[in-house]
Number of protein chains: 2
Amino acid sequence: MLAMHSAAESKARRTNEANSKEETEAPFGLGVVLRLKPNETLFSEGDAAASFYQIKEGVIRSFRMMIDGRRQIISFSQPGDYLGLEWEGDRAMTAEAIIDTAVVSYPRRHLEGRATADVRVQNRMMAVLFGGLHNAQEHLVMLGRQTAMEKLGWFLVRLARSSRMNNGALALPMNRTDIADYLGLSMETVSRGFSLLTREGYIALPDAHQVCIRNFKRLDALARGEVPTAH
Amino acid sequence: MLAMHSAAESKARRTNEANSKEETEAPFGLGVVLRLKPNETLFSEGDAAASFYQIKEGVIRSFRMMIDGRRQIISFSQPGDYLGLEWEGDRAMTAEAIIDTAVVSYPRRHLEGRATADVRVQNRMMAVLFGGLHNAQEHLVMLGRQTAMEKLGWFLVRLARSSRMNNGALALPMNRTDIADYLGLSMETVSRGFSLLTREGYIALPDAHQVCIRNFKRLDALARGEVPTAH
DNA sequence: GAATGAGCTTGATCAAGGTCAAGACTAAGA
DNA sequence: TCTTAGTCTTGACCTTGATCAAGCTCATTC
């Protein structure tokens with residue numbers, strides 16, 4: 001639910017990793033580690049929300065589905081991100097692992113009691129919530145007002161900002177359908193878009209699950225809607 | 001920024017209005033009332049965020065703009081809703097009055113100090129933030145995966161749930177362009193859609209700024225994507 | 001190493017919704 | 001009452017991206 005994707009948030013996350021005992025384990029107490037295989041479900045829409053999670057390793061997709069199967073992915077959560085925070089009531093979405101994933105699970109009430117008492121927990125919680133909101137707002141602009149090519153640029157720029165590079169290449173763990181459902185496009189349009197970006201020299205695709213960004217500046221301009229002739 | 005639109009949130013808002021001294025004035029201290037004329041700006045993208053607001057009367061549109069003028073409206077805020085809450089840094093969007101509007105303005109630091117101390121303020125704040133997130137998530141699904149007619153249904157259902165009826169009719173204070181920029185459509189598509197909904201008996205439009213919902217159930221089914229032949 | 005199948009790419013076609021343009025309606029003011 | 005300007009509606013046409021349909025690639029299994 002509350003993935004951190006913006007530049008500011010991913011900075012916070014890195015800080016957090018640096019002194020992991022201080023920040024990651026302390027504020028919400030001790031949690032239980034869960035391991036998930038690809039496509040395994042962490043929780044489903046409608047479940048009672050008894051826990052929340054922090055990703056240790058891997059990637060999770062969180063989404064909502066319409067009765068006829070149309071799916072909107074709300075976030076891809078990466079190591080350090082929190083998800084599954086609910087105020088009251090049931091889960092509003094489903095969360096599934098994309099690759100082998102490890103999460104730390106905390107009981108929800110574990111947080112409620114501490115949040116009241118500890119200012120640091122409170123601030124941490126606020127930062128996560130505000131980060132989630134900020135994120136969602138950027139997502140809204142993208143979905144509502146960007147063209148297919150701009151959406152792809154936006155996606156890749158975010159990915160670049162939120163993940164570490166692996167000798168010049170970014171991992172693309174999610175498949176084309178996941179990307180499509182995140183960006184409000186069809187799978188085919190995503191595929192065609194990647195091909196075009198490759199042809200135009202924005203990126204290179206060593207294989208389907210790896211991207212090299214060849215011209216970040218131009219890609220960023222595309223993402224911001226500053227490239228009028230983006231086919 | 002943090003409009004309440006869901007059924008749950010608008011219930012909270014009504015409760016709040018019922019005992020206004022207890023809930024509205026107490027939790028964030030005393031604020032200053034600001035009055036805005038139609039199209040007047042409350043704050044702009046990039047401004048330093050020194051205050052946050054609660055709507056007393058009227059309607060505010062909050063939006064983000066792209067460099068070339070494309071606009072995405074993030075929320076329409078109604079009486080009781082909070083907006084302009086930022087964690088740190090500058091405003092991420094612009095807020096303008098749609099009609100004559102009165103807001104109560106609170107200094108941001110006024111909240112920070114109290115939030116730490118007072119559990120009720122803290123809970124209130126959390127409820128607002130979680131409400132905003134929940135809202136944004138529904139907005140994402142709508143923008144990413146619904147057809148034009150479904151979007152209009154979704155909009156009208158929300159409107160019906162969040163506003164009081166005025167002898168059988170709902171006020172539609174925002175113009176067609178505002179609705180379009182909220183739903184990720186063009187003005188013309190909104191207009192055509194309203195005409196079609198009228199012809200098909202879902203709604204009636206006494207005038208351009210008033211709607212009567214003729215068949216709520218069918219409209220709700222449309223909004224949920226359960227009407228396959230929605231032209 | 002052939003067979004299978006899942007995911008990805010590409011092409012051809014189609015339709016939803018955008019764009020451009022002309023009118024209609026309404027409210028405000030002269 | 002007539003004018004003017006802004007908003008809304010409607011029509012005609014066009015573009016973007018979806019859909020349908022083959023192939024292709026690569027990994028897995030026999």
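Just so it is clear: chains get the letters A, B, ... in the order the sequence lines come, proteins before strands, and each one is counted from 1. Computed over heavy atoms, backbone and side chain alike; hydrogens, waters and symmetry mates excluded.
- For the OP1/OP2 pair of C/dA16 and a distance below 4.0 Å, the side-chain nitrogens and oxygens of B/T147 include no atom meeting the criterion.
- Checked against C/dG7, C/dT19, D/dG17, the side chain of B/S186 finds its nearest nucleotide in C/dT19.
- Taking atom CG on B/L205 and atom P on D/dT7, their separation rounds to 18 Å, with Å as the unit.
- Residue A/L172 contributes atom CG, which lies 9 Å from atom P of C/dC8 at whole-angstrom precision.
- In this structure, NZ of A/K151 is placed 9 Å from C1' of D/dG17, rounded to the nearest angstrom.
- Listed pair A/T189 / D/dG17 fails the phosphate criterion, with no side-chain N or O lying under 4.0 Å from OP1 or OP2.
- Heavy atoms of B/G184 sit under 4.0 angstrom from primed sugar atoms or phosphate atoms, though from no base atom.
- Salt bridge status for B/E138 with B/R158: present, with a side-chain N to carboxylate O gap under 4.0 Å.
- Between the CE atom of A/M187 and the P atom of C/dG11 there is a distance of 16 Å, rounded to whole Å.
- A/H134 contributes no side-chain N or O that, together with a main-chain N or O of B/E86, makes up a donor-acceptor pair within less than 3.5 Å.
- D/dC8 atom P lies 8 Å from atom CD1 of B/I179, rounded to whole Å.
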Its contact letters, B for base, S for sugar-phosphate only and - for none at protein heavy atoms under 4.0 Å, make nucleotides 20-25 of chain C read B-----
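- Contacts classified as salt bridge (charged side-chain N to carboxylate O under 4.0 Å, His left out) and involving residues 172-191 of chain B (residues at least two apart or in different chains) are given here: A/R145-B/D181, B/R61-B/D178, B/R71-B/D178, B/R71-B/D181.
- In this structure a side-chain-to-backbone donor-acceptor pair under 3.5 Å is present from A/T101 to A/V59.
- A donor-acceptor pair is defined here as one N or O able to donate and one able to accept, closer than 3.5 Å; such a pair exists between the side chain of A/R91 and the backbone of A/G84.
- At whole-Å resolution of the value, CZ in A/R145 and P in D/dG17 are 13 Å apart.
- Separating the CG atom of A/N39 from the C1' atom of C/dA6 is a distance of 12 Å, rounded to the nearest angstrom.
- One finds a side-chain N or O of B/H209 lying less than 4.0 angstrom from the OP1 or OP2 phosphate oxygen of D/dC8.
- We find that CG of A/D68 is positioned 15 Å from P of D/dA18, with the value rounded to whole Å.
- Using a distance-only test at 3.5 Å, with no hydrogens or angles considered, no donor-acceptor pair links the side chain of B/R70 to the main chain of A/Q146.
- Distance from the side chain of B/S191 is smallest to D/dT9 among D/dT9, D/dT19, C/dC8.
- Partners of A/K217 according to the side chain to side chain donor-acceptor pair (under 3.5 Å) rule, which considers only residues two or more places apart in sequence or in another chain, do not exist here.
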